[in-house]
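Let me begin by handing over the structure; questions about it come next.
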Amino acid sequence: MTKSEITKNKIRRVYKDEVSGDFQDVLVVNSIVINFFWIHFVLELCYIGFKNNPMVIINIFSMLTYAVANYFVRKGNVLVAAWICLWEVYVHAVCATIFMGGECGFYQWLFGLFCAIFVPFVSPILQEKERKGSQIYAVLLVLTYIALVVLTWKDIFPKHFHPSQMAQRVIYCLNSIIGFFSVMVYTRMYTSRVGRRNEALMKKADYDQMTGFYNRQRTQRVLENEIKVQSERKFPLSIAIMDVDFFKNVNDTYGHLAGDFVLKELSKILKPAMDQGMIVGRWGGEEFILINPEEYTYPSFCMAIGGICRIIEEHEFVFRGQTIPVTVSIGSASYSTGMDLEKLLQDADRKLYQAKESGRNRVIC
């Protein structure tokens, strides 16, 4: 095959971010399915009490529909289950308006449906296919609502199964409450989900995925803030830069997975120090920034990082049956009045260089 033919027939791999739509929360959809089933169970008793045989039969099919939706939830097909619920409520609202009378206000259920479909429709995270389906459904809801209201005004619906006027007024009030309550509940659920998603995104933006420490950007913001509040601190700010000795040799000799293993083990070793108030951030590659707890003086901080250096030296890093020798070099610095972040980091980095030049596996304070 010639070069031109290869270029012509070349297929580029395009990766799209598969971000789930609003209906992908298993717990939320499962809760809706279960609650709606019991709501329809209560409705079944009401329809029997009103001797409304068409709605008794329709409501039985509604409850069976939620059993089917529950099956899809258990199979993990949450989107199908959600759409089953949406269409069931739509059909039930239309049928109840016809056979119970528009005066009962069942068409107000469409308010809740509109909220459930419109909020995710305007969400930027929704897939294009889901967005089009939501758009069509939203338009259908509006047109159906208008049609049901107009038909109620024209008194077209059959009255054979309609309850008494007083009962219709009570049911209308209840359906009004249900309509407003469903809008409120769904909005609360959706904003809560968005809040949790934003929190997860913020965590991804601020934390290193491998070690769980602050990433470089977050660590830098912490350091800048610490310098700003130095006038209010009782003890001075102290930092240390910790670098894994011969880390490239670890990757070259044992493989990059072994290098990842070493970094994860270091995160476990540093965890007790973090529990005592030390802030740790991954500065880049195999370098870490350590910030002293507020109550530590500089000598106390030097003793603490010296202890960390010894613990790492004595720790057995065993990866797939192989023991990897791991040590670290640490250079520390203490903030003094008028010092900016760049100067503080330069002081620590200079001492780290001294620690490496003098044999590694040591702390220079």
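Counting from 1, the numbers follow the sequence of the chain as shown.
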After noting the C-alpha distance and the side-chain angles of Phe213 and Met274, does the key distance pass the side chain to side chain contact (heavy atoms under 4.5 Å, CB included) rule?
CA-CA 10 Å; Phe213 297 150; Met274 294 176 65; 3.3 Å; yes
> How are the rings of Tyr47 and Phe106 set to each other: parallel, tilted or perpendicular (split at 30° and 60°)?
Replying inline: tilted
Check your understanding: Glu265 and Lys268: salt bridge (Lys or Arg N to Asp or Glu O under 4.0 Å), yes or no, with the steps?
Key -> CA-CA 5 Å; Glu265 284 294 294; Lys268 295 177 184 177; 3.2 Å; yes
In terms of side-chain heavy atoms, does Tyr298 have a donor or acceptor partner in Ser332 at a distance below 3.5 Å?
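Yes, side-chain donor-acceptor contact under 3.5 Å.
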**Item:** Test item: side-chain donor near acceptor, Tyr66 and Glu88, under 3.5 Å
**Value:** yes
*Counting N and O atoms only, with roles assigned by atom type, does the side chain of Arg282 sit under 3.5 Å from a partner on the main chain of Gly285, one being a donor and the other an acceptor?*
yes
Interatomic distance, OG1@Thr253 vs NZ@Lys248, rounded to 0.5 Å, equals 9.0 Å
Nearest heavy-atom contact between Asn251 and Gly259 is OD1-CA, 3.3 Å
**Message:** If we count only N and O atoms by modelled type, under 3.5 Å, do the side chains of Asn70 and Arg74 hold a donor and an acceptor together?
**Reply:** yes
Is there side-chain contact between Val89 and Phe36, with at least one heavy-atom pair below 4.5 Å?
->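 They are in side-chain contact.
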Under 3.5 Å: donor-acceptor pair, side chain of Asp349, backbone of Leu345:
no
| request: Mark yes or no for whether Tyr254, through its side chain, and Gln322, through its backbone, hold a donor-acceptor pair below 3.5 Å. | output: no
Problem set entry | pair Tyr335-Ser238: side-chain heavy atoms closer than 4.5 Å | no
Margin query: With a 4.5 Å cut-off on side-chain heavy atoms, are Ile136 and Leu140 touching?
Written below: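 The answer is no, as the side chains (C-beta and beyond) never meet within the 4.5 Å cut-off.
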message: Check for me, please, whether Tyr145 and Trp153 land in the same ILVMFWY cluster - side-chain distances under 4.5 Å, paths through other members count.
response: yes
Any chance the rings of His315 and Phe317 have centres within less than 6.0 Å?
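Here the rings of Phe317 and His315 have centres that are less than 6.0 Å from each other.
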*Considering non-hydrogen atoms only, spot the tightest contact between Leu263 and Thr211 and give its length.*
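Result for this residue pair: O-CG2, 3.9 Å.
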Notebook entry, point to check: Would you say Pro236 and Ser336 make side-chain contact, with heavy atoms under 4.5 Å?
Noted result: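 Of all side-chain heavy-atom pairs linking Ser336 with Pro236, none is under 4.5 Å.
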query: Does Met210 CE have over 12 foreign heavy atoms under 6.0 Å away?
result: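 Correct, the count exceeds 12.
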Between the CE atom in Met55 and the SG atom in Cys104, the distance rounded to the nearest 0.5 Å is 10.0 Å
Quick check: does any side chain N or O of Arg310 sit under 3.5 Å from a backbone N or O of Ile308, one acting as donor and the other as acceptor? no
State, with a plain yes or no, whether a side-chain heavy atom of Val78 is found less than 4.5 Å away from one of Phe72.
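Val78 vs Phe72: side chains apart.
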Next item on the list: Evaluate the side-chain proximity of Cys95 to Pro54: yes if any heavy-atom separation is below 4.5 Å, no if none is.
Entry: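 No; the side chains remain at least 4.5 Å from each other.
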If we ignore hydrogens and angles and just use 3.5 Å, is the side chain of Glu103 paired with the main-chain N or O of Gln165 as donor and acceptor?
no
query = Are Gln108 and Asn175 linked by a side-chain donor-acceptor pair shorter than 3.5 Å?
reply =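 There is no such pair (donor and acceptor under 3.5 Å, judged by atom type) between the side chains of Gln108 and Asn175.
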- Message: Does Gln209 have more than 12 heavy atoms from other residues, nucleotides or ligands lying within 6.0 Å of its CD?
- Response: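 Enclosed: over 12 neighbouring heavy atoms sit under 6.0 Å from CD of Gln209.
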Exercise for the section: Would you give the length of the straight line joining atom CD1 of Ile98 to atom NE2 of His162, rounded to the nearest 0.5 angstrom? Expected result: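 The distance works out to 9.0 Å.
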*asked:* I'd like to check Ile241 versus Ile289 (side-chain heavy atoms, cut-off strictly below 4.5 Å). Are they in contact?
replied: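 Yes, at least one pair of side-chain atoms sits under 4.5 Å.
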Tightest non-hydrogen contact, residues Ser358 and Ala355, listed as OG-O, 3.3 Å
- Shared ILVMFWY cluster between Val91 and Ile146, side chains joined below 4.5 angstrom?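 In one cluster: yes.
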Same cluster (ILVMFWY, side-chain, under 4.5 Å), Phe180 and Leu148
no
- For the side chain of Asp347 and the backbone of Ser334, is there at least one donor-acceptor N/O pair under 3.5 Å apart? no
Ignoring hydrogens and geometry beyond distance, is a side-chain donor-acceptor pair present between Thr327 and Asp245 at under 3.5 Å?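 There is such a pair between these side chains.
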Inset, instruction - Take Asn225 and Arg221 through the test side chain to side chain contact (heavy atoms under 4.5 Å, CB included) and record every step on the way to the result. - result: CA-CA 6 Å; Asn225 183 68; Arg221 292 201 302 272; over 6 Å; no
Closest heavy-atom pair and its distance - Leu344, Ala333: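 Closest approach of Leu344 to Ala333: O-CB, 3.8 Å.
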task: Give a yes or no on whether a salt bridge exists between Asp260 and Lys264, defined as a side-chain N under 4.0 angstrom from a carboxylate O.
output: no
Would you check, one step at a time, whether the test side chain to side chain contact (heavy atoms under 4.5 Å, CB included) holds for Glu224 with Ile227?
CA-CA 5 Å; Glu224 290 170 349; Ile227 289 175; 6.0 Å; no
Q) Linking I/L/V/M/F/W/Y whenever any side-chain heavy atoms sit under 4.5 Å apart, do Tyr353 and Val328 land together? A)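 Result: no, two separate clusters.
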Side chain to side chain contact (heavy atoms under 4.5 Å, CB included), that's the test. Do Phe319 and Phe261 meet it? Break it down for me. CA-CA 7 Å; Phe319 178 73; Phe261 166 77; 3.6 Å; yes
- Query: Would you say Arg350 has more than 12 foreign heavy atoms packed within less than 6.0 Å of its CZ?
  - Reply: yes
Worksheet item: Do Tyr71 and Phe41 share a hydrophobic cluster (ILVMFWY, side-chain heavy atoms under 4.5 Å, transitive)?
Response: no
- Taking the six-membered ring for Trp, are Tyr296 and Phe301 ring centroids under 6.0 Å apart?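 No, the ring centres sit 6.0 Å or more apart.
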Just say parallel, tilted or perpendicular for the rings of Trp109 and His92, cut-offs at 30° and 60°. parallel
- Query: Can you tell me how far the CZ atom of Phe246 sits from the CG atom of Asn361, to the nearest 0.5 Å?
  - Reply: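 Spacing of CZ (Phe246) from CG (Asn361) equals 10.0 Å.
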task: Verify whether one side chain among Gln217 and Asp206 offers a donor that lies under 3.5 Å from an acceptor in the other.
output: no
Can you label the angle between the Tyr214 ring and the Tyr207 ring as parallel, tilted or perpendicular, going by 30° and 60°?
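Aromatic pair Tyr214/Tyr207 classed tilted.
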Minimal heavy-atom distance between Val363 and Gly306, with the atoms involved, is CG2-CA, 3.9 Å
**Item:** Approximate separation, where rounding is to 0.5 Å, of Trp38 CH2 and Ile34 CD1
**Value:**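 Going from CH2 on Trp38 over to CD1 on Ile34, the span is 10.0 Å.
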For Glu44 and Asn59 the tightest heavy-atom approach is OE1-ND2, 2.8 Å
Report task. Decide whether Ser62 and Thr65 meet the rule of one side-chain donor and one side-chain acceptor closer than 3.5 Å. Result ->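 Ser62 vs Thr65: no donor-acceptor pair found between side chains.
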### Message
What I'd like to find out is whether the side chain of Glu286 reaches to under 4.5 Å of the side chain of Met242, using heavy atoms alone.
### Response
no
Between the CD1 atom in Ile239 and the CG atom in Leu290, the distance rounded to the nearest 0.5 Å is 9.5 Å
